[in-house]
Amino acid sequence: MQTSVRSHHKNNKVDRAATLLKACISLPQLKQIHAFIFRSNLHQNKSLASTLVSLYAFHSFPRYTHLVFSSVSNPNLSLFNHSIRAFSKIPSHCIQSIHLYLQMIHNGIKPDNFTYPFLFNSCAALSALHHGTEIHGRIIRSGFGSYLPVCNSLIDMYGKCNALDRSYDVFDEMSEKDVVSYNAVLGAHAKLGEDMSRAQQLFDHMPVSNVISWNAMIVGYVNGSDLDSARAVFDRMPERNVVSWTTMLVGYTKHGLVGSARDLFDAMPQRNLISWTAMITGYAQNGQPGEALALFHRMEEARIKPDAATMTSVISACAQLGGTELVQWVGSYVDQKGIERNERVLTALVDMHAKCGNVEEACRLFKEIPQPDVFSYSALITGLASHGHGIKALEIFRKMQASDIEPDDITFVGVLTACSHTGLVEDGLRFWESMVKNYLIEPGADHYACIVDMLGRAGQLEEAHRLVRSMPMGPHPGALGALLAACRTYGNVQIAESVAKQLFELEPENSGNYILLASIYASREQWEEATKVRVAMKEKCVNKLPGCSWI
DNA sequence: TTAGGGTTAG
């Protein structure tokens, strides 16, 4: 009798807690209810724990998601499923759902058709093709392969791991398909931008399509660099939503067509945070930082709150514009509005401060990044290198190598710049060789420019000239300019003449090249030649003095 | 179970 009263009492409390959780909308509220559950000794209740786990994930609070799960002594299938789903929603913690899956197998609990789709979301987010394939094998053995959502998420997982053929393998074997199955395959094509004629054929023969199918076709053509076809799809769509407009807009910005993007932006029936951010990013990435900032202020006027992604591009725009006031403004904006200081935001801040010469602040912010990636390292290295801190830049590069972060082409631009500005010719040549041989990075025009600059500063003009002539991408203004500047330093008229001739052809309106050559002649007292160059400059660069030509 | 936005470059 007493037991039943007590259990009735307890059930009341469980119901009450469940009702409270249903109504809970904020993280502080959630923590309060969690505390109530704990005080009432209900934390072993698996249903309440499942709800808590989901809500903590919804508020992106992985620490507590894990805490709640691990405080339940014998987790059942439902709690495992809720927790796997919870971690699959937090991109940085997807690996946890795979760990949970392994744990549930170990505990002898059999996954069901609700387990797999979320697991595959995690595999997709991690590009964990290996795990995904293994779990696929278990599905075949256990007979859950007849569930549509399970197969659909499998197609999606293979697609997101760039395994288009495997997506088709699953798709072709399905006896029953729905629009999601088709869309998942179209999404796989879209991600790669590959084989769009096959995608088009599939699209044309779909029994039913929806706006997601159309949008996937746009993405596919954009990623395949076929903007005309992308636009044709966009124009033919029976109905467009805000995603369709934004997708097309991004298609234009990705290919540098900012004007077309802006036309679309102005014509959109509705805009959301993502559309604004996409347009701001379009400007920031295509060398129009002023426009990016102007649009950001219009976004504020429209009372759309920016998030971390928006601010990443805004910071990048400020970095390009420079100026103490702007740098200070954006820094305090991020602080005051509580913008999430994630890896990308911090990297953009590191880059901005480094570009503006505030090396200490850049280093301080870099230390705030828990796991710096190739972007964060490159931002710091290039920033340090271009402000005369070559030694420090190389020190950071060594740290990067020690932490097993793979450098990319841009990292090496920074590394080579550091060597060139510090006069470390031997090291520079060694890094160059290592870049090609160990890291299999194809040297670009910027790398050549660094090495040419380095050799030129060291007075090895013949060697530098030889390198310029061996560039597989042909003559390039950056490398040629560096060599011409070195010719000025060392008064080498012969190489200067040959280099300047090429530069005049490549950039006839860049007056700096004429001025350099004229001053080389002047330093050798070849006054007649110097005058000739100045006259040629006046003919070709009317009213186009350096610093004004971009207006 | 399916679709859109972010950082590094002489």
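Throughout, protein chains are lettered first and strands after them, A, B, ... in sequence-line order, and every chain is numbered starting at 1.
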**Q** Report the nucleotide, chosen from B:dG10, B:dT1, B:dG5, that has the shortest atom-to-atom distance to any side-chain atom of A:Val413.
**A**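 Nearest to the side chain of A:Val413 among the choices is B:dG10.
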**Q** Return no unless some side-chain N or O of A:Gln285 is found under 4.0 Å from OP1 or OP2 of B:dG5.
**A**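 It does not, given that no N or O in the side chain of A:Gln285 lies less than 4.0 Å from OP1 or OP2 of B:dG5.
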**Q** Flag this pair as yes if the NZ/CZ of A:Arg198 is under 6.0 angstrom from the six-membered ring centre of A:Tyr168 and inside a 45 degree cone about the axis; otherwise no.
**A**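 Pair A:Arg198/A:Tyr168 counts as cation-pi.
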**Q** For A:Phe375 and B:dT7, is the gap between ring centres under 5.5 Å while the planes differ by less than 30°?
**A** yes
**Q** Once you round it to whole Å, what is the distance between C1' of B:dA9 and NE2 of A:His476?
**A** 11 Å
**Q** Can you check side chain to side chain contact (heavy atoms under 4.5 Å, CB included) on A:Asn215 and A:Met237, steps first, answer last?
**A** CA-CA 9 Å; A:Asn215 290 347; A:Met237 290 178 77; 3.4 Å; yes
**Q** Of all the choices, B:dT1, B:dG6, B:dG5, which nucleotide is nearest to the side chain of A:Val345 once you look at every atom?
**A**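 Nearest to the side chain of A:Val345 among the choices is B:dG6.
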**Q** B:dG4 C1' sits how many Å from A:Gln270 CD, rounded?
**A** 13 Å
**Q** Figure out the CZ/C1' separation between A:Phe366 and B:dT7, and round it to whole Å.
**A** 13 Å
**Q** Of the options B:dT2, B:dG6, B:dA9, whose atoms approach the side-chain atoms of A:Arg344 most closely?
**A** B:dG6
**Q** When you measure from the side-chain N and O atoms of A:Asn342 to the phosphate of B:dT7, is any distance below 4.0 Å, counting only OP1 and OP2?
**A**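 No, because none of the side-chain N or O atoms of A:Asn342 sits under 4.0 Å from OP1 or OP2 of B:dT7.
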**Q** Contact class for A:Val185 (heavy atom, under 4.0 Å): base, sugar-phosphate, or nothing?
**A**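 A:Val185: no heavy atom of the nucleic acid under 4.0 Å.
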**Q** The side chain of A:Thr247 is closest to which nucleotide in this list: B:dG4, B:dT8, B:dT1?
**A** B:dG4
**Q** Separation of A:Asn183 atom CG from B:dT1 atom P, in whole Å?
**A** 15 Å
**Q** OP1, OP2 of B:dA3 versus side-chain N and O of A:Lys191: anything below 4.0 Å?
**A** no
**Q** State which of B:dA9, B:dA3, B:dT8 makes the closest approach to the side chain of A:Asp408.
**A** B:dT8
**Q** Is any side-chain N or O of A:Asp307 under 3.5 Å from a base N or O of B:dG6, one able to act as donor and the other as acceptor?
**A**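 Looking at the base of B:dG6, it does not pair with any donor or acceptor on the side chain of A:Asp307 (distance under 3.5 Å).
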**Q** Within the structure, does a side-chain N or O atom of A:Ser316 lie under 4.0 Å from either OP1 or OP2 of B:dT8?
**A** yes
**Q** Between A:Glu463 and A:Arg466, is the salt bridge (charged side-chain N to carboxylate O under 4.0 Å, His left out) condition met? List the steps.
**A** CA-CA 5 Å; A:Glu463 190 60 42; A:Arg466 220 183 342 265; 2.8 Å; yes
**Q** Identify which nucleotide among B:dT7, B:dA9, B:dA3 has an atom closest to any side-chain atom of A:Asn241, counting heavy atoms from C-beta outward.
**A**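 Of B:dT7, B:dA9, B:dA3, B:dA3 is nearest to the side chain of A:Asn241.
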**Q** Does any N or O donor sit under 3.5 Å from an N or O acceptor when you compare the side chain of A:Thr312 with the base of B:dT7?
**A**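 Donor-acceptor pair under 3.5 Å: no.
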**Q** What integer distance in Å separates A:Lys254:NZ from B:dG4:C1'?
**A**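 A:Lys254 atom NZ is separated from B:dG4 atom C1' by 9 Å.
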**Q** Tell me if the side-chain of A:Asn210 makes a donor-acceptor pair with the base of B:dA3, cut-off 3.5 Å, by modelled atom types.
**A**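 Per atom types, no contact qualifies.
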**Q** So which nucleotide from B:dT1, B:dG5, B:dA3 ends up closest to the side chain of A:Val243?
**A** B:dA3
